[in-house]
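Position 1 is the first residue of the sequence; numbering continues from there. None of these values were measured; they are calculated from a predicted model.
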Amino acid sequence: MRLLLMSDTHLPKRAKRLPEELLDELPRADVVFHAGDWVDTATLDLLEDRSRRLVGVYGNNDGPDLRARLPELAYAELGGLRFGVVHETGAAQGREARCAARFPDLDVLVFGHSHIPWDTTAPGGLRLLNPGSPTDRRRQPHCTYLTARLTGGALTDVTLHRLPRR
């Protein structure tokens with residue numbers, strides 16, 4: 001099973017559209033995750049139309065239209081692993097312990113907000129993944145997103161994709 005992870009698209013404020021490389025990944029993905037801060041409903045519509053399965057949440061910059069359509073927390077069981085999606089997890093310091101305590105029944109937590117790619121494992125085994133942002137790199141050298149595979153009940157081939165500067 002192929003996974004595509006993104007967050008913090010901030011359209012159309014930070015970019016006019018999603019990068020072509022990211023759009024090209026959509027038909028290859030069995031499941032698409034979006035960890036919030038869509039900003040416009042057009043991006044949600046596009047991902048709902050082009051994704052086999054979409055698991056998304058709203059973020060702090062998402063207004064009432066998006067909040068009416070998306071939860072604050074989303075959960076999915078895929079290939080024997082329990083996934084959660086949330087926009088914000090707080091400060092980087094202490095994140096692993098804080099998330100392990102908040103989400104004790106998860107195997108993988110996808111989050112956003114910081115625009116900073118993150119891949120760590122908390123004590124107890126919770127994998128924390130932040131794909132960064134494909135449209136707003138902020139202080140990062142590149143805009144980014146993640147892909148991964150679920151194989152035999154394990155998350156494999158977690159890959160951070162760096163997009164060319166526009």
Side-chain angles (χ1 to χ4, degrees), residues 1-11 15 17-38 41-59 62 66 69-89 95-96 99-136 140 142-164:
M1 183 180 302
R2 187 168 167 86
L3 309 178
L4 172 61
L5 297 80
M6 68 182 88
S7 186
D8 298 282
T9 48
H10 289 272
L11 294 178
R17 60 188 311 245
L18 293 174
E20 285 301 318
E21 182 179 321
L22 181 66
L23 293 171
D24 290 346
E25 289 284 350
L26 289 172
R28 295 183 204 128
D30 296 296
V31 182
V32 175
F33 291 90
H34 192 300
D37 274 5
W38 310 70
T41 57
T43 304
L44 175 56
D45 294 339
L46 179 133
L47 291 184
E48 284 179 335
D49 288 345
R50 294 193 187 180
S51 301
R52 289 181 205 158
R53 180 175 179 187
L54 176 64
V55 181
V57 297
Y58 67 77
D62 295 328
L66 286 160
R69 294 173 59 186
L70 294 162
E72 181 178 13
L73 295 166
Y75 301 97
E77 187 160 334
L78 305 169
L81 294 180
R82 298 157 302 175
F83 285 79
V85 185
V86 66
H87 182 62
E88 190 170 349
T89 60
R95 177 175 286 141
E96 288 86 359
C99 289
R102 183 176 176 197
F103 302 104
D105 296 328
L106 294 182
D107 298 302
V108 181
L109 179 66
V110 180
F111 68 99
H113 187 63
S114 68
H115 299 219
I116 299 171
W118 187 280
D119 182 355
T120 59
T121 302
L126 174 65
R127 183 91 175 256
L128 295 121
L129 297 173
N130 184 330
S133 170
T135 54
D136 183 12
Q140 299 303 300
H142 301 280
C143 290
T144 57
Y145 67 93
L146 286 170
T147 57
R149 290 196 179 277
L150 275 174
T151 308
L155 190 65
T156 64
D157 301 324
V158 177
T159 304
L160 180 68
H161 299 267
R162 293 174 176 88
L163 294 161

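No side-chain heavy atom of Glu96 sits under 4.5 Å from any side-chain heavy atom of Leu126. Counting only heavy atoms from C-beta outward, the side chains of Leu163 and His142 never approach each other to under 4.5 Å. Between Met6 and Val32 the shortest side-chain heavy-atom distance falls below 4.5 Å. At least one side-chain heavy atom of Met1 sits less than 4.5 Å from a side-chain heavy atom of Leu3. In this structure, the side chains of Leu22 and Thr135 stay at 4.5 Å or more apart for every pair of heavy atoms.
In this structure, CG on Leu18 lies 5.0 Å from CG on Leu11, to the nearest 0.5 angstrom. Taking OG1 of Thr9 as the reference point, atom CZ of Arg17 lies at 13.5 Å (rounded to 0.5 Å). A distance of 10.0 Å separates CZ in Phe33 from CG in Leu4, rounded to the nearest 0.5 Å. One distance of note links OG1 of Thr120 with CG of Asn130; it measures 10.0 Å at 0.5 Å rounding. Expressed to the nearest 0.5 Å, how far CD of Glu88 lies from OG of Ser7 amounts to 11.0 Å. A distance of 11.0 Å separates CD of Glu21 from SG of Cys143, quoted to the nearest 0.5 Å.
The two residues Pro27 and Arg52 come nearest to each other via the heavy atoms O-NH2, 2.8 Å. Of all non-hydrogen atoms in Val110 and Pro131, the two that sit nearest each other are CG1-CD, 4.5 Å. Taking every heavy atom of both residues into account, Pro71 and Ala74 meet most closely at CG-CB, 4.0 Å. Contact record, Arg149 with Arg2: NH2-NH1, 3.7 Å, taken as the closest heavy-atom pair. Gln140 and Pro117 get closest at one heavy-atom pair: OE1-CD, 3.9 Å. When every heavy atom of Gly112 is checked against every heavy atom of Ala35, the shortest pair comes out as N-CB, 3.7 Å.
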Test side-chain contact (heavy atoms from CB on, under 4.5 Å) on Leu150 and Phe83 and set out the steps.
CA-CA 12 Å; Leu150 275 174; Phe83 285 79; 4.0 Å; yes

Tell me, with the steps shown, if Thr147 and Asp157 meet side-chain contact (heavy atoms from CB on, under 4.5 Å).
CA-CA 8 Å; Thr147 57; Asp157 301 324; over 6 Å; no

In sequence, state the C-alpha distance, the side-chain angles, and the governing distance for Arg162 and Leu160, and then conclude on side-chain contact (heavy atoms from CB on, under 4.5 Å).
CA-CA 6 Å; Arg162 293 174 176 88; Leu160 180 68; 3.7 Å; yes

I would like to know whether Leu78 and Val55 meet side-chain contact (heavy atoms from CB on, under 4.5 Å); could you show each step before the answer?
CA-CA 11 Å; Leu78 305 169; Val55 181; 5.8 Å; no

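Identified under the salt bridge (Lys or Arg N to Asp or Glu O under 4.0 Å) test for residues 102-121, with sequence neighbours left out: Arg82-Asp107, Asp119-Arg127.
Under the ring pair (Phe, Tyr, Trp, His ring centres under 6.0 Å) criterion, Tyr58 pairs with no residue at all, not counting sequence neighbours. Checked against salt bridge (charged side-chain N to carboxylate O under 4.0 Å, His left out), Glu48 has the following partners two or more places apart in sequence or in another chain: Arg69. Judged as a side chain to side chain donor-acceptor pair (under 3.5 Å), and not counting sequence neighbours, the contacts of Thr43 are Asp40. In this view, Asp8 and His10, Asp37, His87, His115, Ser133 satisfy the side chain to side chain contact (heavy atoms under 4.5 Å, CB included) rule, not counting sequence neighbours. In this structure Arg50 satisfies the side chain to side chain contact (heavy atoms under 4.5 Å, CB included) test together with Leu23, Leu26, Leu46, sequence neighbours excluded.
Within the 3.5 Å criterion, the main-chain N or O of Val57 finds a donor-acceptor partner in the side chain of Trp38.
The side chain to side chain contact (heavy atoms under 4.5 Å, CB included) test with Phe103 is passed by exactly one of Thr89, Leu73, Val108, Leu128: Leu73.
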